[in-house]
Amino acid sequence: METDDVPDGAPTADTAARVREVIAAAGVSQREFARRVVMDPSKLSRSLSGTRRFTAAELARIADEGRVDVGRLLGARPREKATAPAVGVEGGRPLQIVRETVRLIAEHGFHAVRVADIARACATSSAAIHYHFPGRAELLEAAVRWCMDEDTAHRAALIAEADDAAAELRQLVALQTPRTAQQRRQWAVWLDLWAEAARSTAVGRLHSEYYRQWRETVADVVRRGVAQGVFRAGTDPQAAALTLTALIDGLATHVLSVSGPSADRAADAMHTALTAHITHTILAPRP
């Protein structure tokens, strides 16, 4: 069972009930609440069911999101001088910390980013960063998870707008082509995290899970396209997804290696190459 030291006491059986009240008051699903507090949904579920204890940092983030004092979650009497939750910060302090961490990683690389740098970017103290994320490992995991959730949400929104599977696949390719500053930042973070995944079991598991979801998304699109008749009959969805995602990864790495006008040309070349691959190997021939 996972535990952690918690200020003003320790989690009790009633803590889970109080967290449930906070989630209910938020008016969102349990999975969405987990996303907002940058927590593994399975850990939140186990903690709510009593098979796992909430950590101090998790309760701090939950309290921040619910705009309540962490002592309330623990069943303690309200303190006379309770620490007020962050106000005026879009998404709350934990998400601000994660967003700034992602931005700094994209600009400088994970190992060059210090907690003091993150605190300065958030206009807060290092103690406040550690209050929500005790260590660099947990902060990196939160950054990975946030990137995963953002990418998944963008993909879902684009797919919902497409008329058929062929349009869906084109949308996915456009989303993964690093043209904008935001797309380049996202890819810069992923390149850094690939290196971390090779050294860190925890990040490696997250990385593997993200790619499993990403490739399955592409495979599902191919599967629908075959059923709709817009993709070649007999196309293996898993094999097609593996090849296409590998091409995207390799070409995007090349785009990120150049800058200025050269990056724009490289992004155009990447998009052209991916479109040609889809046309010649996946799309059904025109009658």
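We number each residue from 1, following the sequence as shown.
Ion pair Glu216/Arg212 not flagged as a salt bridge, since none of the NZ, NE, NH1 or NH2 atoms sits closer than 4.0 Å to an Asp/Glu carboxylate oxygen. Taking the charged nitrogens against the carboxylate oxygens, Asp164 and Arg224 have no contact shorter than 4.0 Å, which rules out a salt bridge. A salt bridge is absent between Glu21 and Arg18: the closest approach of a Lys/Arg side-chain nitrogen to an acidic carboxylate oxygen does not fall below 4.0 angstrom.
Residues Tyr211 and Leu169 share a single hydrophobic cluster, defined by chaining ILVMFWY side chains whose heavy atoms lie under 4.5 Å apart.
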(message) Could you walk me through whether Val28 and Arg36 satisfy the side chain to side chain contact (heavy atoms under 4.5 Å, CB included) test, starting with their C-alpha distance in whole Å, then the side-chain angles of each, then the deciding distance to 0.1 Å, before giving a yes or no?
(response) CA-CA 10 Å; Val28 298; Arg36 292 185 181 186; 3.3 Å; yes
(message) With side chain to side chain contact (heavy atoms under 4.5 Å, CB included) as the criterion, how do Leu172 and Trp214 come out once you've worked through the C-alpha distance, each side chain's angles and the decisive distance to 0.1 Å?
(response) CA-CA 10 Å; Leu172 290 178; Trp214 163 228; 4.2 Å; yes
(message) Test side chain to side chain contact (heavy atoms under 4.5 Å, CB included) on Tyr131 and Val70; report intermediate values, then the result.
(response) CA-CA 11 Å; Tyr131 179 66; Val70 70; 3.6 Å; yes
(request) Would you please test Met39 and Ser47 for side chain to side chain contact (heavy atoms under 4.5 Å, CB included) and show each step? (result) CA-CA 11 Å; Met39 185 176 177; Ser47 298; 4.2 Å; yes
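Across every non-hydrogen atom of Pro178 and Arg184, the tightest pair is O-CG, 3.8 Å. Pairing each heavy atom of His132 with each of Pro94, the nearest pair is CD2-CG, 3.5 Å. Counting all heavy atoms, side chain and backbone alike, Leu283 lies closest to Ala166 at CD2-CB, 3.9 Å. In terms of heavy atoms, Leu104 sits closest to Ala121 at CD1-CB, 4.3 Å. When all heavy atoms of Gln238 and Ala219 are compared, the closest pair comes out as NE2-CB, 3.9 Å. Summarising the geometry of Gln183 relative to Leu175, their closest heavy-atom pair is NE2-O, 3.1 Å, with the distance given to 0.1 Å.
Between the side chain of Gln30 and the backbone N or O of Pro41 there is no donor-acceptor pair closer than 3.5 Å. At least one donor-acceptor pair under 3.5 Å links the side chain of Trp187 to the backbone N or O of Gln176. Between the His130 side chain and the Pro134 main chain, a donor and an acceptor come within less than 3.5 Å of each other. Judged by distance alone, the side chain of Arg20 and the main-chain N or O of Leu48 form a donor-acceptor pair under 3.5 Å. The backbone N or O of Ala263 lies less than 3.5 Å from no partner atom in the side chain of Arg179, so there is not a single donor-acceptor pair.
Ile129 contributes atom CD1, which lies 6.0 Å from atom CD1 of Ile118 (distance to the nearest 0.5 angstrom). Atom CZ of Arg185 and atom OG1 of Thr180 lie 7.5 Å apart (nearest 0.5 Å). For the atom pair CG of Leu59 and OG1 of Thr15, the computed distance is 6.5 Å after rounding to the nearest 0.5 Å. The distance from the CG atom of Asp236 to the CG atom of Leu242 is 9.5 Å, given to the nearest 0.5 Å. Atom CH2 of Trp146 is separated from atom CG of Leu95 by 8.0 Å, given to the nearest 0.5 angstrom. To the nearest 0.5 Å, the span separating CD1 on Ile248 from CE on Met270 amounts to 6.0 Å.
Phe33 is listed as a side-chain neighbour of Ile62, based on a closest heavy-atom distance under 4.5 Å. Side-chain contact check for His271 versus Leu274: every heavy-atom pair is 4.5 Å or farther apart. Residues Asp268 and Thr177 are not in side-chain contact: their nearest non-hydrogen atoms beyond the backbone lie 4.5 Å or more apart. Put simply, the side chain of Val115 does not reach to within 4.5 Å of the side chain of Phe133, judged on heavy atoms. Residues Arg114 and Ser126 fail the side-chain proximity criterion, which asks for heavy atoms closer than 4.5 Å. Between Ile282 and Arg232, the closest side-chain pair of non-hydrogen atoms is not below 4.5 Å. Side-chain contact between Asp64 and Val37: absent, with no pair of heavy atoms (C-beta onward) separated by less than 4.5 Å.
When the options Arg61, Lys43, Arg145 are evaluated for a salt bridge (Lys or Arg N to Asp or Glu O under 4.0 Å) with Glu138, the one that passes is Arg61. Here the options are Leu247, Val173, Leu251, the test is side chain to side chain contact (heavy atoms under 4.5 Å, CB included), and the partner is His277; only Leu247 passes.
Residues Tyr210 and Asp149 have side chains that never bring a donor and an acceptor to within less than 3.5 angstrom of each other. Judged by distance alone, the side chains of Arg265 and Ser262 do bring a donor and an acceptor atom under 3.5 Å apart. Side chains of Gln96 and Glu100: a donor-acceptor N/O pair is absent below 3.5 angstrom, by distance only.
Taking the side-chain contact (heavy atoms from CB on, under 4.5 Å) definition, one finds that Ser42 meets it with Asp40, Arg46, sequence neighbours left out.
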